[in-house]
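Here is the structure we will look at.
The structure displayed is predicted, hence computed values, not measured ones. The chain is numbered in sequence order, starting from 1.
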Amino acid sequence: MRRLSAEVGVMPNAIYTYFADKDALLAGLLDHLLGEIETPDEAERDWRGGLVEIMDSSRRLVLAHLQLATMFLTRQSVGPNAARLGEITFRLLRQGGIEGERAVEAFRTILIYTLGFAAFQAPRQQSDATARTARGLAAFSGLDPDQYPALRDVAKPLATHPTDDNFHTGLRWLLDGMSADTSELQLKTR
């Protein structure tokens, strides 16, 4: 807190007027950043499209603030922006027939997928993609074809940098699975 107050040119007690401690300051910072997440116009989007938009914007936010990626992954945000995003997300899930505890499971699943994908994608964005792909392809292609035929068959796509399209495909698979699971539940309860 002292270091921050020195950087912004105020006395430490000025910061304590707004934030009780470092944790409160970090929580405020993260919630402020959550305000940058784009949300869909619910009247113009179906529930899946809306969730894809929110999660894609969330992933891009983490990628834009890599130094804070660990905090996004480890801290539960409960500020006004987090509450707004949560409300929109749970309304979209409800539109898809996913409610109550199942909605909480669905939310956790897509959030973990989104943040995990960002964490997986981040270091790969910072390196030379061509060199990284070449190293990966050489490593996978050098495997014994009798012992690792399946791995060798996917060597090239496995060695390439994960893309935005890869993220969208995986998220849609998750949402399709959730939708199918909800449909099965509805049939069982009839």
Which residues pass the side chain to side chain contact (heavy atoms under 4.5 Å, CB included) test with L85, sequence neighbours left out?
L34, I37, T39

Kindly give the heavy-atom pair with the smallest separation between S57 and E38, and that separation in Å.
OG-N, 2.8 Å

Examine distances only and state if a side-chain atom of R152 and a backbone atom of S141 form a donor-acceptor pair shorter than 3.5 Å.
yes

Shared hydrophobic cluster, L143 / L158 (ILVMFWY, side-chain heavy atoms < 4.5 Å)
yes

Hey, mind stepping through D176 and R48 against salt bridge (Lys or Arg N to Asp or Glu O under 4.0 Å) and telling me if it holds?
CA-CA 9 Å; D176 288 348; R48 290 180 206 193; 2.4 Å; yes

Closest non-hydrogen atoms of T163 and F117, given as atom of the first, atom of the second and distance, are O-CZ, 3.6 Å

State whether R60 and D56 are salt-bridged, where the test is any N-O pair (Lys NZ or Arg NE/NH1/NH2 against Asp/Glu carboxylate O) under 4.0 Å.
yes

Judged by atom type as modelled, is there a donor-acceptor pair below 3.5 Å linking the side chain of T160 to the main-chain atoms of P157?
yes

To check you understand the geometry: which heavy-atom pair defines the closest contact between D144 and D146, and what is its length?
OD1-N, 2.9 Å

Taking every non-hydrogen atom, the tightest pair across G136 and A159:
C-CB, 3.7 Å

Under a plain distance cut-off of 3.5 Å, with no hydrogens placed, do N81 and H32 share a side-chain donor-acceptor pair?
no

Evaluation steps, side chain to side chain contact (heavy atoms under 4.5 Å, CB included), between L171 and L51
CA-CA 9 Å; L171 184 56; L51 289 171; 5.9 Å; no

Row check, F167 ring normal vs R59 NZ/CZ: under 6.0 Å, within 45°:
yes

Separation of W173 CH2 from M178 CE (nearest 0.5 Å):
14.5 Å

Testing the basics here: between W47 and L92, what is the closest heavy-atom pair and its distance to 0.1 Å?
CB-O, 3.1 Å

Would you list the pairs meeting salt bridge (charged side-chain N to carboxylate O under 4.0 Å, His left out) in which at least one residue belongs to residues 68-91, sequence neighbours left out?
D23-R75, E42-R91, E87-R91

Closest contact, heavy atoms only, L93 versus A103:
CD1-O, 3.6 Å

For the backbone of L175 and the side chain of S179, can you confirm whether one donor and one acceptor N or O come within less than 3.5 Å of each other?
no

